[in-house]
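The chains referred to below are lettered A, B, ... by the order of the sequence lines, with proteins before strands, and numbering in each begins at 1. All values below come from the heavy atoms of this structure, side chains included, with hydrogens, waters and symmetry mates left out.
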Amino acid sequence: MKIATWNVNSLKVRLPHLLQWLDTNPVDVLCIQETKLEDEKFPLMEINAAGYQVAFSGQKTYNGVAILSRLPITDVVRNNPRFEDAQQRILAATIEGVRFICAYVPNGQSVDSDKYVYKLAWLASLREWLAEELRTHADQGLAILGDYNIAPEDRDVYDPAGWGEEVLCSPKERAALTALVELGLTDSFRMFEQPEKSYSWWDYRQLGYQKNKGLRIDHILLSESLAKRCSACAIDRMPRKWTQPSDHAPVIATLD
DNA sequence: ATGGCAAGTGATACTTGA
């Protein structure tokens, strides 16, 4: 089973890229973020025609998440039931017995902003809910895939000194991510040897991609039973090279 | 040091992203 996550930065703009990518990468499950579409505008027909069922939870202009699957999807839940949130950032579903959570973690804007406070509260509540979900799904496993908006370590940042303790790299955010991992999750990317300077997002400005000025902020975290099944994880930089790309690249993991 | 770029909204300059 191949599973993947991709922040598409507007599904309206990126639908052709999504379909093209799935054509050459027919993963079984794909979690997407930042669809930026109300549910009535979701391109259901096009995605169905590509061979995927899909659950989605969107809103106008901002946020929005979806889970695409070649296999039947059941038990869809929108949002963290413990966290009252007008923003559509979480979608959970069961596929082949595995619990999948698609997450678009708040950006946080800057460490002195209200959005940063919201981000930390959001993550703390996610941890509480995940602890419960992990117990419920201990046997067949749980995978939480998405845009975490957190670079876990300095090696996940192109210029750690320059970024310092700015948002996406701050100690409190990293501690919040560590607290998720300590529930019994594994960053699938770091289970394997990887190229140095591996990133999943590059700034549109200043030739960020061409200069590989990026961050690794998109992650696939696996519960214990799924980590045992995981035989590969990689970032696919290809679609970041296409014309009018998303600023994020997909991350793919293989479960045996 | 600052702003650079992209997308959405709505028709203009703005907000947000990371």
Side-chain angles (χ1 to χ4, degrees), chain A residues 5-18 21 31-43 56-66 85-90 102-123 126 145-177 189 197-219 235 237 239-251:
Chain A
T5 180
W6 192 9
N7 179 325
V8 295
N9 184 19
S10 170
L11 185 56
K12 183 183 168 192
V13 174
R14 228 67 67 191
L15 181 63
H17 280 200
L18 180 77
W21 189 78
C31 294
I32 60 174
Q33 303 85 38
E34 283 208 88
T35 55
K36 300 186 181 179
L37 287 176
E38 292 166 295
D39 289 348
E40 40 289 12
K41 295 188 176 171
F42 193 89
F56 48 92
S57 176
Q59 67 182 90
K60 197 176 179 182
T61 313
Y62 303 117
N63 311 306
V65 286
D85 197 353
Q87 304 186 22
Q88 301 304 304
R89 298 179 171 277
I90 291 261
C102 177
Y104 176 44
V105 177
N107 169 278
Q109 197 164 63
S110 66
V111 294
D112 58 1
S113 73
D114 292 345
K115 294 194 177 76
Y116 184 77
V117 175
Y118 164 71
K119 180 178 193 173
L120 294 178
W122 193 97
L123 285 163
L126 174 63
L145 308 86
D147 176 358
Y148 287 72
N149 271 316
I150 302 171
E153 300 175 77
D154 281 355
R155 63 175 164 163
D156 301 310
V157 181
Y158 74 93
D159 177 14
W163 278 80
E165 299 190 350
E166 292 296 318
V167 74
L168 312 192
C169 301
S170 75
K172 283 181 180 172
E173 291 165 85
R174 286 179 169 174
L177 180 56
F189 190 75
K197 305 185 194 305
S198 285
Y199 308 124
S200 65
W201 168 87
W202 300 263
D203 202 307
Y204 283 123
R205 299 165 291 190
Q206 291 187 304
L207 301 171
Y209 180 73
Q210 291 84 338
K211 295 178 179 172
N212 198 28
K213 292 169 114 176
L215 304 175
R216 192 176 70 90
I217 54 177
D218 299 271
H219 311 299
I235 296 166
R237 294 166 54 131
R240 188 63 178 79
K241 300 173 187 166
W242 295 344
T243 305
Q244 201 181 9
S246 167
D247 43 359
H248 294 253
V251 185

Point to revise | Counterpart residues, salt bridge (Lys or Arg N to Asp or Glu O under 4.0 Å), relative to Arg216(A) (two or more places apart) | key: Asp156(A), Asp187(A)

Check your understanding: Checking all strands, does Glu34(A) fall into the base, sugar-phosphate, or nothing category for heavy-atom contacts under 4.0 angstrom?
Key -> sugar-phosphate

Point to revise | With Val117(A) via side-chain contact (heavy atoms from CB on, under 4.5 Å) - residues at least two apart | key: none

Review point. Quantified in whole Å, what is the P atom distance between nucleotide dC14(B) and nucleotide dG3(B)?
Key: 13 Å

Exercise for review: Can you tell me, in whole Å, how much space there is between the C1' of dA1(B) and that of dA11(B)?
Suggested key: 34 Å

Check your understanding: Which comes earlier along DNA chain B counting from the 5' end, the contact point of Glu38(A) or that of Asn63(A), where each point is its nearest nucleotide?
Key -> Glu38(A)

Review point. Quantified in whole Å, what is the P atom distance between nucleotide dT2(B) and nucleotide dT12(B)?
Key: 30 Å

Check your understanding: Of all nucleotides in DNA chain B with an atom under 4.0 Å from a non-hydrogen atom of chain A, which is the first and which the last going 5' to 3'?
Key -> dG3(B) to dA18(B)

Exercise for review: Kindly write out the residues that satisfy side-chain hydrogen bond (donor to acceptor under 3.5 Å, both in side chains) with Ser198(A), not counting sequence neighbours, or none if the list is empty.
Suggested key: none

Revision key, fill the gap. Comparing Lys41(A) with Pro106(A), nearest DNA chain B nucleotide closer to 5' gives the residue Lys41(A)

Review point. Checking all strands, does Asn149(A) fall into the base, sugar-phosphate, or nothing category for heavy-atom contacts under 4.0 angstrom?
Key: sugar-phosphate

Practice item. Using side-chain hydrogen bond (donor to acceptor under 3.5 Å, both in side chains) as the criterion, list what pairs up with Asp203(A), not counting sequence neighbours. Key: Arg205(A)

Exercise for review: Remember a base hit wins even if backbone is also touched, and classify Tyr209(A) as base, sugar-phosphate or nothing at under 4.0 Å, heavy atoms.
Suggested key: nothing

Check your understanding: What does Asn7(A) touch in the nucleic acid at a heavy-atom separation under 4.0 angstrom: a base, only the sugar-phosphate, or nothing?
Key -> sugar-phosphate

Study note, to complete from the structure: Sorted by chain and residue number, the salt bridge (Lys or Arg N to Asp or Glu O under 4.0 Å) partners of Asp154(A) (sequence neighbours excluded) come out as Arg174(A)

Review point. Would you say Arg14(A)'s side chain and Pro245(A)'s backbone share a donor-acceptor pair under 3.5 angstrom?
Key: yes

Practice item. For dT9(B) versus dG4(B), give the span between their P atoms, rounded off to a whole number of Å. Key: 23 Å

